[in-house]
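Presented below is the structure to which this report refers.
Keep in mind that what you see is a predicted model, and the values were worked out from it rather than measured.
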Amino acid sequence: MAAHDAHVFPVDDRGLPVIEGTDSAEVRNGFRLFFQNKPDQALAFFDQHPEIPLFALGKATLMFAQAFVSFEEEDIENAVKALQHASELIQKHAVPDDGVLKSWGKWISGSAKAKKSAQHVHYDVMLAECKLLSSCLLFLEESLLDKLKAGWSMRSAWQQYHHIEKENPRAQPDQPDHLDPETRSGIDFGVGVFNLVCSILPPRVQRIISIFGFPSDREHALRSLAAVHGSDTVRSPVGSLALLLHHVGLQSSFGMGNTTRFIAEAEAMLAHCMTLYPDGALFLLMQGRLRRLQREIRPALASYQQAADLKLKWRQLNDLISYELGWAQLLLLEVELAMKHFIDLKENRWSRGFYTYMIAACQLHLGQLDEAAKLMEEVPKLCVRKVQGRLIPSEEFATRKAKAFLDGHRAPLNVYEVLYLWNSYSQMPAEQLQQIATAMEKLLAGPPAPTRPDDIGLAHLLAAAALTQLHRFDDAAAHLDAVQQVESKIKSDTYVPHFAEYERAVIMGLRKDPLGVRRATLEKILHGPVEFNFGSRLHFRVHLAIMEIDAASRV
């Protein structure tokens with residue numbers, strides 16, 4: 001090897017650093033500690049060799065994950081410092097005369113003709129990854145200036161990944177790759193994440209970011225991340241989680257319920273990951289979400305409880321487990337059990353106001369009116385999380401609902417409503433769906449029947465959504481027609497008519513109506529107004545549904 005191509009730290013044929021007295025299996029296992037619920041041991045492992053660039057990046061990535069889950073300022077600052085240190089270390093050991101430090105401008109302008117060596121690419125990929133993660137942390141800051149900086153940095157990171165992929169295409173199946181597996185998986189991970197995130201953004205946002213060169217090819221993203229998942233590299237578990245977040249996390253939160261395309265692949269991935277990380281809390285959470293998609297709520301609860309029984313030291317991950325347990329219990333309409341988990345979350349910094357509202361909603365459902373009234377008074381004071389001067393949607397919703405309750409509007413809809421808005425009906429068992437449909441029809445029939453148009457419209461919407469999932473389409477359509485009759489009089493719950501139109505599209509999907517008809521209905525919603533509570537959430541659901549229709553059209 002020529003002197004100017006030499007690594008300060010040599011790597012083996014897979015791209016892992018060669019450490020005296022430590023074999024590659026030990027190095028690989030060290031990178032897996034975090035996914036085995038051992039973040040402290042993972043940090044200690046990385047700190048054994050702080051001078052190795054890949055170890056510095058591994059430590060920074062771990063701290064990035066902790067910051068992204070907690071949203072706490074101290075964690076974010078520590079992650080930023082760790083990424084900055086890793087970037088500086090990588091640049092220190094990279095070759096300065098033709099690679100990382102001087103050639104990005106030449107690459108972008110097209111003036112650099114010489115192809116970089118595999119060793120240069122190894123460092124370039126790590127630098128791009130540092131920039132990608134740092135940009136994500138900047139997006140967590142509230143100021144517009146920080147978000148603009150994040151966007152510019154993200155664009156620079158994408159340009160680096162795009163050029164690296166273009167200059168280092170994947171070898172044909174019968175030919176050896178000139179890059180080591182770790183470097184190749186780094187390229188696939190960056191390219192996959194960029195394409196996946198950009199592809200699921202609303203079309204109007206995609207049109208803007210495309211001007212700046214961002215990609216939006218979801219199929220390319222899924223292929224790239226699948227390659228990372230199967231690569232047996234240090235990035236494999238991260239690639240697996242990224243795919244699972246798309247296949248089960250995203251679909252359970254925003255999908256229409258027609259997720260058969262992803263379920264088989266998610267099952268296979270989880271089977272592989274659970275073999276490697278049998279008690280891995282992050283994978284247990286994904287397993288629970290998959291079971292939810294299959295309406296298997298008891299098995300989902302078992303996965304979440306297995307994670308809870310680990311009694312992890314990472315508080316934010318424990319809170320995430322409590323969150324999943326609470327929602328799973330709520331899907332079974334086991335409201336009292338769900339409430340206990342929301343009580344555990346009341347002091348969480350994610351959203352104290354929203355979880356206080358959730359406790360109050362459960363109390364209302366259980367007939368504990370005095371206790372609920374006390375909490376409802378707290379909700380508006382606790383809802384303080386804003387983005388660009390406006391309350392986040394969940395806190396805007398909680399504030400509006402609390403004020404309505406305090407003004408005397410007390411129709412028993414709160415638990416059923418929040419389940420609907422959090423896209424739960426497509427995951428609930430038939431027994432619980434029938435309970436909701438029966439409760440809404442009984443409420444509407446009275447006595448006393450609701451007289452407030454907001455309550456009437458909402459009750460009809462919830463009944464329609466439950467009946468749709470029970471495949472009682474004519475009955476569901478009748479309730480949606482009833483929403484239309486009162487929509488002009490609805491003053492507070494202005495989201496109801498828009499979601500009612502979405503439910504008509506859901507019916508079309510479950511009936512297997514022609515793709516073109518379903519797409520036209522969804523397009524009408526997508527081009528309609530968005531300035532109502534959860535308008536962005538509805539448009540995101542519609543966008544994902546259109547993507548699936550387009551994917552089905554290509555088959």
Side-chain angles (χ1 to χ4, degrees), residues 5-18 27-28 31 46 52-62 64 82-96 98-108 112 114-136 153-171 177-197 215 220-221 223-225 227-239 242:
D5 275 346
H7 275 279
V8 175
F9 297 99
V11 297
D12 61 20
D13 58 357
R14 293 194 60 81
L16 291 173
V18 176
V27 174
R28 190 175 293 108
F31 276 86
F46 292 132
I52 297 179
L54 187 62
F55 278 43
L57 177 58
K59 178 179 179 179
T61 303
L62 191 159
F64 165 86
L83 283 164
Q84 184 176 3
H85 168 71
S87 180
E88 291 171 354
L89 187 64
I90 293 164
Q91 292 186 60
K92 175 183 176 182
H93 295 305
V95 182
D98 67 340
V100 178
L101 301 180
K102 293 185 178 181
S103 67
W104 287 120
K106 293 180 181 179
W107 276 15
I108 294 165
K115 186 173 182 178
K116 289 194 171 188
S117 69
Q119 289 80 9
H120 284 99
V121 178
H122 180 86
Y123 282 115
D124 290 347
V125 169
M126 287 194 289
L127 268 183
E129 194 163 330
C130 283
K131 187 168 288 188
L132 168 61
L133 299 181
S134 297
S135 303
C136 291
S153 179
M154 194 76 77
R155 179 174 182 266
S156 175
W158 164 245
Q159 288 174 329
Q160 293 177 15
Y161 275 119
H162 178 59
H163 187 83
I164 293 170
E165 184 187 41
K166 183 179 177 182
E167 291 296 307
N168 298 275
R170 187 179 298 279
D177 195 339
H178 72 286
L179 298 179
D180 61 68
E182 293 294 339
T183 302
R184 177 61 66 190
S185 72
I187 298 172
D188 287 334
F189 177 74
V191 170
V193 166
F194 266 109
N195 273 282
L196 186 59
V197 171
H220 184 37
R223 288 193 300 271
S224 297
L225 291 172
V228 180
H229 163 74
S231 65
D232 192 27
T233 62
V234 298
R235 292 179 181 85
S236 291
V238 186

P53 and M126, any side-chain heavy atoms less than 4.5 Å apart: yes
For F194 and W158, take the angle between the two ring planes, folded into 0 to 90°, and tell me which bin it lands in: parallel under 30, tilted 30 to 60, perpendicular over 60. tilted
At what distance, to the nearest 0.5 angstrom, does CG of L57 lie from CD of E129? 5.0 Å
In Å, rounded to the nearest 0.5 Å, how long is the span from CG of N168 to NE2 of H120? 12.0 Å
A side-chain contact here means heavy atoms from C-beta on lying under 4.5 Å apart; do L179 and I187 qualify? yes
OG-NZ distance between S87 and K92, expressed to the nearest 0.5 angstrom: 13.5 Å
Sequence-distant partners of F189, ring pair (Phe, Tyr, Trp, His ring centres under 6.0 Å), two or more places apart: none
Just jot down the side-chain hydrogen bond (donor to acceptor under 3.5 Å, both in side chains) partners of E165, sequence neighbours excluded, or say none. H220
Rounding to 0.5 Å, atoms CZ (F31) and OG1 (T61) come to a distance of 8.5 Å
Under the salt bridge (charged side-chain N to carboxylate O under 4.0 Å, His left out) rule, collect the residues that match up with D177, sequence neighbours excluded. R184
Looking at residues at least two apart in the chain, or sitting in another chain, which of them share a side-chain contact (heavy atoms from CB on, under 4.5 Å) with A60? A82, L83, A86
Under the rule for side-chain contact (heavy atoms from CB on, under 4.5 Å), what residues qualify as partners of D12, not counting sequence neighbours? R14, L16, V18, S24
Go through the structure and list residues passing side-chain hydrogen bond (donor to acceptor under 3.5 Å, both in side chains) with D188, not counting sequence neighbours. R170
Got a second to check how far E167's CD is from H162's NE2, nearest 0.5 Å? 10.0 Å
Kindly indicate, with the supporting measurements, whether the criterion side chain to side chain contact (heavy atoms under 4.5 Å, CB included) is fulfilled by C130 and Q84. CA-CA 8 Å; C130 283; Q84 184 176 3; over 6 Å; no
List the residues meeting side-chain hydrogen bond (donor to acceptor under 3.5 Å, both in side chains) with T183, not counting sequence neighbours, and say none if there are none. H122, D180
With sequence neighbours left out, what residues match S231 under side-chain hydrogen bond (donor to acceptor under 3.5 Å, both in side chains)? T233, S236
Would V193 and Y161 count as a side chain to side chain contact (heavy atoms under 4.5 Å, CB included) here? Give the steps. CA-CA 11 Å; V193 166; Y161 275 119; over 6 Å; no
So, the side chain of R235 versus the backbone of E182: is there a donor-acceptor pair under 3.5 Å, distance only? yes
